[in-house]
Amino acid sequence: MDPYKYLNIRFNPDGSLTRNAQAKLLPAAPSGEPVAVTTADGGPARRIVHSNDVPLDDAKGTSVRLFVPGLAAAPRSGRLPLIVYFHGGGYVLFRAASEPFHNNAAVLAATVPAAVASVDYRLAPEHRLPAAFDDAVDAVRWVRSYAAESPGRPIFIMGCHNGASIAFRAALAAVDEGVELRGLILNQAHHSGVERTAAEAASVDDRVLPLPANDLLWELALPLGTDRDHEYCNPEAMLAGVGAERLRRLPPCLVLGRKKDPPRDRQRVLVHALRKAGVAVEAQMDGAGYHAMELFKTNCAEEFNAQVTDFVRRHAGDGDGVDVYAARSRL
């Protein structure tokens, strides 16, 4: 297969990428947008979520899309957890405003409920790694200043797909910066390596992440002259550089995977290392379907939202959080 054709991209002579027919970019909705959610009793409901784009680093062109549920969705205490969210796309595709990830963040904001700060980081190959990781550090520092207004608020870091790998590094940066985290959520973390795992070898014709496309994404994302055993890609190299002492400072982790996700063997390496370091890990690795199914299948989306909601509610504690009125004032 032609991976460029599959991903609908074209590499340009100047090193940039033309991304054809990508997901629709949705505008922020400061006045609010209706979001369909599933209630605790399994019934449908519609709730209002407000969003706005907040500059992160003007020189880099990065920002945060902040989602805050309407007052009707807020807990009776009027206080919300804050979830820092990193979207997927193999470091190459999609933005915080891309329809699947905008909608995912909005639904989480309404369902948990929580304030969700979706980071619009720089993409490769125009900005190869570690650019996205550097942007994650900027986001952590933004959170630190945001949290200073209300000490003790429950803060979570979360990422989907390659965004989970960014979230992992953001969490390490957060503990280094003195930001107290209540939890880390890693959904189908995107890793690879030169030597194929069994899952990768079987993914040549994968329905969502076929091996040639997966390899191309890494080729476009990694620093020039490196291969998939680089620490930005191979979890074993990454973990060797982090070390157990730094790992054990991480908060409780929720790690989600799917039975047919090509990186699933690499995700288990990460789970094992976290547990060995003494981190409290809840690993739910047997989700149905393929990579990123929560973006395409309603039943997978409902399961994913329920998993994240349960984890955040259990670890947020009582009485702490973002004042919903203060959060709304930032929009």
Side-chain angles (χ1 to χ4, degrees), residues 1-13 15-25 86-96 98-101 104 121-133 159-166 186-235 237-238 256-270 287-297 300:
M1 65 169 292
D2 180 348
Y4 283 95
K5 183 176 181 180
Y6 178 82
L7 295 170
N8 208 0
I9 58 176
R10 185 179 73 248
F11 191 75
N12 300 316
S16 66
L17 203 67
T18 298
R19 300 165 176 87
N20 299 306
Q22 292 298 302
K24 180 181 178 181
L25 296 178
F86 295 91
H87 66 81
Y91 300 104
V92 171
L93 305 173
F94 303 120
R95 305 283 302 276
S98 296
E99 187 170 20
F101 294 105
N104 188 209
Y121 54 86
R122 289 171 293 171
L123 299 179
E126 294 88 350
H127 305 281
R128 291 176 178 268
L129 293 176
F133 301 147
C160 293
H161 323 137
N162 75 285
S165 300
I166 302 175
L186 306 176
N187 176 39
Q188 303 165 75
H190 189 203
H191 297 288
S192 190
V194 171
E195 184 177 349
R196 306 295 190 194
T197 65
E200 289 166 350
S203 69
V204 173
D205 297 317
D206 186 81
R207 291 173 57 184
V208 177
L209 192 61
L211 191 59
N214 196 5
D215 286 350
L216 176 59
L217 289 172
W218 284 114
E219 180 184 332
L220 294 171
L222 287 169
L224 292 172
T226 63
D227 62 24
R228 293 190 306 276
D229 279 338
H230 193 280
E231 64 175 296
Y232 298 159
C233 179
N234 190 318
M238 176 187 71
L256 302 176
R258 297 197 177 277
K259 292 179 180 178
K260 297 182 180 180
D261 189 14
R264 61 187 179 275
D265 295 332
R266 311 279 183 185
Q267 296 158 10
R268 291 189 173 93
V269 170
L270 180 57
Y290 296 81
H291 187 74
M293 279 293 98
E294 73 279 0
L295 299 179
F296 312 114
K297 298 289 186 180
C300 293

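Keep in mind that this is a model prediction, so the values were computed, not measured.
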Show the nearest heavy-atom pair for residues Pro263 and Ala189, with the distance to one decimal.
CB-O, 3.6 Å
Any idea which heavy atoms bring Asp229 and Asn234 closest together, and the distance?
OD1-ND2, 2.8 Å
Which heavy atom of His291 sits nearest to which heavy atom of Pro262, and what is that distance?
CB-CD, 4.5 Å
Restricting to non-hydrogen atoms, name the atom on Pro3 and the atom on Pro212 that form the minimum distance, rounded to 0.1 Å.
CB-O, 3.6 Å
On the 0 to 90° scale, with breaks at 30° and 60°, tag the His161-Phe101 ring pair as parallel, tilted or perpendicular.
perpendicular
Taking salt bridge (charged side-chain N to carboxylate O under 4.0 Å, His left out) as the definition, give me every residue that meets it alongside Asp227, ordered by chain and number, with sequence neighbours left out.
none
Sub-4.5 Å side-chain heavy-atom contact between Val208 and Lys260
no
Atom pair CD (Glu231) and OG1 (Thr226), whose distance is rounded to the nearest 0.5 Å:
10.0 Å
Can you see which heavy atom on Arg95 is nearest to which on Ser98, and at what distance?
N-OG, 2.7 Å
Side-chain donor-acceptor pairs of residues 216-223 under 3.5 Å, sequence neighbours excluded:
unit_1, atom_1, unit_2, atom_2, d
Trp218, NE1, His190, NE2, 3.4
Trp218, NE1, Asn214, OD1, 3.4

Any chance you could measure His127, atom NE2, to Arg122, atom CZ, to the nearest 0.5 Å?
6.0 Å
Answer yes or no: is there a donor N or O on one side and an acceptor on the other, between the side chain of Arg264 and the main chain of Asp261, under 3.5 Å?
yes
Taking the six-membered ring for Trp, is the centroid-to-centroid distance between Tyr232 and Tyr91 below 6.0 Å?
no
Has Thr197 got a side-chain atom pairing as donor or acceptor with Glu200's backbone, closer than 3.5 angstrom?
yes
Output the distance between atom OG (Ser192) and atom CG (Leu211), rounded to the nearest 0.5 Å.
7.5 Å
With a 6.0 Å cut-off (strictly less than), is the heavy-atom count around CG of Asp205, excluding the residue itself, greater than 12?
no
Can you tell me how far apart CE (Met1) and OH (Tyr6) are? Round to the nearest 0.5 Å.
6.5 Å
Residue pair Asn104, His87: steps toward the side chain to side chain contact (heavy atoms under 4.5 Å, CB included) verdict:
CA-CA 9 Å; Asn104 188 209; His87 66 81; over 6 Å; no
Derivation and outcome, side chain to side chain contact (heavy atoms under 4.5 Å, CB included), residues Arg19 and Leu7:
CA-CA 8 Å; Arg19 300 165 176 87; Leu7 295 170; over 6 Å; no
Nearest 0.5 Å please: distance from the CZ atom of Phe133 over to the OG atom of Ser165.
6.5 Å
Heavy-atom pair of closest approach, residues Phe94 and Gly89
CD1-CA, 3.6 Å
By salt bridge (charged side-chain N to carboxylate O under 4.0 Å, His left out), Glu99 pairs with (sequence neighbours left out) none
So do the side chains of Val92 and Asn162 get within less than 4.5 Å of each other, counting heavy atoms only?
no
Is a side-chain N or O of Gln267 found less than 3.5 angstrom from the main chain of Asp265, in a donor-acceptor match?
no
Can you tell me how far CZ of Arg258 sits from CD of Gln188, rounded to the nearest 0.5 angstrom?
5.0 Å
